[in-house]
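Since this is a predicted model, take the numbers as computed values, not measurements.
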Amino acid sequence: MRHATWLLLLQLLCAHASAQTVPIGRLFSTPAERERIDRQRGSAPPPAAAPAPLVTAEPPAARPAPPPIPVTVDGIVRRSGGKTTVWLNQVPTEIAAGAPGAYAVPLPAGGSVLVKPGQSVDPASAARKDLYAPR
């Protein structure tokens with residue numbers, strides 16, 4: 001008996017909720033509205049301003065290239081499968097092979113410098129610096 005009461009109450013609530021729904025109205029426009037919309041769509045857009053003439057100015061003076069960013073080796077992990085991951089400036093990078101415990105940083109002038117974890121190198125001057133050296 002108890003289940004029947006709850007079921008009846010649920011049916012009454014559902015019927016009451018469906019009776020109060022608001023109709024959504026007309027989904028499609030009337031032919032007159034459609035014609036007005038088509039006229040608005042087909043009307044010519046407002047005239048755009050004439051484009052500004054191209055000005056040929058002297059090219060800007062060549063800026064010197066920014067100095068290369070120092071490269072810091074944050075860590076190296078060698079896997080038994082042969083792949084090596086090197087963290088350069090806190091970004092993991094996979095390399096094929098390298099010197100054990102060091103990474104060869106290429107220099108813009110050519111050549112490379114071996115850098116160990118905890119060291120930083122300035123590519124422009126090839127100067128190495130220990131980041132965790134005792135002071």
Side-chain angles (χ1 to χ4, degrees):
M1 183 71 172
R2 218 171 175 178
H3 293 295
T5 306
W6 281 107
L7 185 60
L8 180 62
L9 183 60
L10 183 62
Q11 287 177 344
L12 287 173
L13 285 174
C14 290
H16 179 69
S18 66
Q20 291 185 355
T21 58
V22 179
I24 60 172
R26 187 178 188 111
L27 293 178
F28 301 101
S29 57
T30 63
E33 290 173 341
R34 184 78 246 158
E35 187 178 330
R36 181 182 54 80
I37 292 170
D38 287 341
R39 272 195 318 263
Q40 286 177 342
R41 244 189 229 161
S43 64
L54 293 175
V55 178
T56 56
E58 299 214 9
R63 295 181 191 169
I69 299 171
V71 177
T72 302
V73 177
D74 298 308
I76 297 175
V77 174
R78 291 193 99 174
R79 291 185 217 128
S80 60
K83 288 187 178 180
T84 301
T85 301
V86 179
W87 278 264
L88 301 173
N89 296 340
Q90 299 180 354
V91 177
T93 307
E94 281 194 20
I95 60 172
Y103 176 71
V105 176
L107 300 174
S112 62
V113 176
L114 285 178
V115 183
K116 296 179 182 177
Q119 291 182 334
S120 180
V121 65
D122 180 14
S125 65
R128 276 185 292 198
K129 178 174 128 182
D130 284 329
L131 300 176
Y132 305 109
R135 296 181 183 197

Give the table of side-chain donor-acceptor pairs shorter than 3.5 Å for residues 104-118, with sequence neighbours excluded, one pair per line with atom names and distance.
none

With sequence neighbours excluded, residues passing side chain to side chain donor-acceptor pair (under 3.5 Å) with Thr85: Arg79
Nearest heavy-atom neighbours spanning Arg78 and Thr84: NE-OG1, 3.6 Å
Distance from Ile76 atom CD1 to Leu88 atom CG, nearest 0.5 Å? 8.5 Å
Summary of side-chain hydrogen bond (donor to acceptor under 3.5 Å, both in side chains) pairs that have at least one residue in residues 60-76, sequence neighbours excluded: Thr72-Ser120
